[in-house]
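Here is the structure we will look at, set down as structure tokens.
Just so you know, these numbers use all the heavy atoms, side chains as well, and skip hydrogens, waters and symmetry mates. This structure is a prediction, so every number in the text was calculated from the model and none was measured.
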Amino acid sequence: MDNKKQISVQINQNKNGSTKHNSTYQSTLEDYIRENHHPMMDDDQVFKRKYTPDSNAFNRSKKPSFWSKYKSFIISACTAIVIGSFLGLVMLNIFVDLDPEEVAFEQNTSNNQAVSATSDQSDEEDNTTANAQEGEAFQSETFDFFVTQAGVFTNQSTAQQLVQDLQEDQIESMVWTRDENFHVFVGLKSTHEASKQFTSSAFPSNYELYGGKEWHIDSASISLSEEEKDWFTGLESLLDEMIEGNMDEAAINQWLADEPSAVSEEIQAISAEVESINTTEDEQASQVTLLKILNQYENITNE
């Protein structure tokens, strides 16, 4: 028993060495992570995420203004107007500068193409036409006056019925056809005021009459013989005087005496009306007769 040796045992020696080794490894790993990735937090540190609030984050988007919404359209429209106006002025100046006597265009009936003619050719053709019509063409006179209208109808029979009704009340009237309408007239004066005054004083109140209606007869080119021209010119002078209210009986008789031997039926009808107006004493009836003469005059010029 004395030969026995003491045995000493170290406990946890390997454990302490392993712990030291693990601690060293952990320290090395944390350093590596800090250097190559993101910093490590200590035990007493708390990760806090910082937010940067945006004051406009919850605000609604503003509605675009009218200008910003339609700016491109407005600019385009204005540009187009400016360009179009400029080009229009340029084209207008081009056409204004053209002399109409230098170039004339006629329609070629064979191939429907426009062909040009010089001003000398046009003048020559005009002179030929004028020479052919010399002694026949007569330019009639224009007449302006004011009438008293009893009615206007689209049916001739209705207009004639009104004429009969007026005749029963001792009112003369006539029907003037124009533009497919039938006007019933009962008076004529040279001015608007005179027509209004005559309408209010010369007719009974039970009729709705319209005084001061302006009436116009256009000038026209008519075919007359040389004798008829002179006689027709005398008629126009008489009509001017009659419209002004001057009934010169001597002038009317002289015009009737100068009637050519051969006149058209239309001119003969005017001559008959002029002869009757010379014997009419009632003012209102004379005005209606004058209206009939002027109506026949218009019919001749429109033929």
Side-chain angles (χ1 to χ4, degrees), residues 140-220 232 234-253 255-256 266-267 269-302:
S140 65
E141 185 180 340
T142 61
F143 292 98
D144 294 284
F145 47 91
F146 297 86
V147 298
T148 300
Q149 180 172 278
V152 56
F153 308 92
T154 57
N155 187 288
Q156 186 176 9
S157 60
T158 308
Q160 292 294 343
Q161 182 61 47
L162 178 58
V163 171
Q164 294 178 7
D165 295 340
L166 291 169
Q167 182 65 40
E168 293 177 358
D169 288 338
Q170 306 301 316
I171 300 175
E172 296 293 331
S173 60
M174 57 86 60
V175 178
W176 194 309
T177 304
R178 179 183 286 184
D179 298 331
E180 298 182 356
N181 291 322
F182 301 92
H183 303 263
V184 179
F185 294 151
V186 295
L188 177 151
K189 288 291 183 180
S190 60
T191 64
H192 179 271
E193 293 76 10
S195 178
K196 283 285 188 181
Q197 183 178 2
F198 178 76
T199 302
S200 61
S201 61
F203 301 100
S205 59
N206 59 323
Y207 285 102
E208 294 182 0
L209 304 178
Y210 174 58
K213 180 181 178 65
E214 186 176 5
W215 205 249
H216 176 78
I217 298 178
D218 294 321
S219 174
F232 213 74
L235 172 64
E236 291 176 338
S237 300
L238 286 178
L239 292 177
D240 285 329
E241 293 295 326
M242 292 178 183
I243 291 174
E244 294 295 330
N246 302 323
M247 296 291 180
D248 189 345
E249 184 177 351
I252 294 175
N253 291 331
W255 180 80
L256 292 171
E266 293 81 4
I267 296 180
I270 292 180
S271 177
E273 293 291 350
V274 173
E275 187 174 1
S276 66
I277 199 174
N278 202 18
T279 59
T280 304
E281 297 180 357
D282 182 71
E283 181 184 3
Q284 191 267 325
S286 298
Q287 293 181 21
V288 173
T289 303
L290 178 58
L291 283 167
K292 292 179 181 179
I293 297 172
L294 290 168
N295 186 22
Q296 292 173 343
Y297 177 91
E298 183 181 66
N299 292 336
I300 292 176
T301 58
N302 288 337

Ser190 versus Glu244, closest heavy-atom pair with distance
OG-OE1, 3.7 Å
Check Ser140 against Asp218 and note the closest heavy-atom contact, atom names and distance.
OG-O, 4.2 Å
Minimal non-hydrogen separation, Ser276 against Thr280, with atom names
O-OG1, 2.8 Å
Say whether, by atom type as modelled, one donor and one acceptor occur between the side chain of Ser195 and the main chain of Thr191 under 3.5 angstrom.
no
Tell me, do Leu188 and Leu294 make a side-chain contact under 4.5 Å, heavy atoms counted?
yes
Provide the full list of ring pair (Phe, Tyr, Trp, His ring centres under 6.0 Å) pairs with a residue in residues 147-173, sequence neighbours left out, each pair given once.
none
What distance do Leu235 atom CG and Ile270 atom CD1 have between them, rounded to the nearest 0.5 Å?
5.5 Å
When rounded to the nearest 0.5 Å, the distance separating CG of Asn278 from CD of Glu273 is 13.0 Å
Asn299 vs Glu266 side-chain heavy atoms within contact, under 4.5 Å
no
CE of Met174 to CG of Asn295: how many Å apart, nearest 0.5 Å?
4.0 Å
For Asp144, side chain to side chain contact (heavy atoms under 4.5 Å, CB included) partners two or more places apart
His216
Could you tell me whether the side chain of Glu241 reaches within less than 4.5 Å of the side chain of Asp248, counting heavy atoms only?
no
Please name the pair of heavy atoms, one in Ile277 and one in Ser286, separated by the smallest distance, quoted to 0.1 Å.
CD1-O, 3.5 Å
Can you tell me how far apart NZ (Lys189) and CD (Gln287) are? Round to the nearest 0.5 Å.
4.5 Å
Got a sec: does the CD of Glu275 have more than 12 other heavy atoms crowding it under 6.0 Å?
no
For the residue pair Lys292 and Val288, establish whether any side-chain heavy-atom pair is separated by less than 4.5 Å.
yes
Rounded to the nearest 0.5 Å, how far apart are CG of Leu291 and CD1 of Ile243?
9.0 Å
Side-chain donor/acceptor of Glu236 to backbone N/O of Glu141, under 3.5 Å
yes
Decide yes or no for Thr289 and Val274: does some side-chain heavy atom of the first lie under 4.5 Å from some side-chain heavy atom of the second?
no
Can you tell if the side chain of Leu166 reaches within under 4.5 Å of the side chain of Val184, non-hydrogen atoms only?
yes
Beyond-backbone contact of Pro204 with Ile171, side-chain heavy atoms, under 4.5 angstrom
yes
Pairs touching residues 192-217 that satisfy salt bridge (charged side-chain N to carboxylate O under 4.0 Å, His left out), sequence neighbours left out
none
Supply the atom-to-atom distance Phe232 CZ to Ser237 OG, rounded to the nearest 0.5 angstrom.
11.5 Å
May I ask you to decide if the ring planes of Phe145 and Trp176 are parallel, tilted or perpendicular, using 30° and 60° as cut-offs?
tilted
So, Thr177 side chain and Phe182 main chain: donor-acceptor pair closer than 3.5 Å or not?
no
Please name the pair of heavy atoms, one in Gly211 and one in Thr199, separated by the smallest distance, quoted to 0.1 Å.
CA-OG1, 3.3 Å
Where do Phe203 and Thr148 come nearest, in terms of heavy atoms and distance?
CE1-CG2, 4.2 Å
Using side-chain heavy atoms (C-beta onward) and a distance below 4.5 Å, is Asn181 in contact with Thr154?
yes
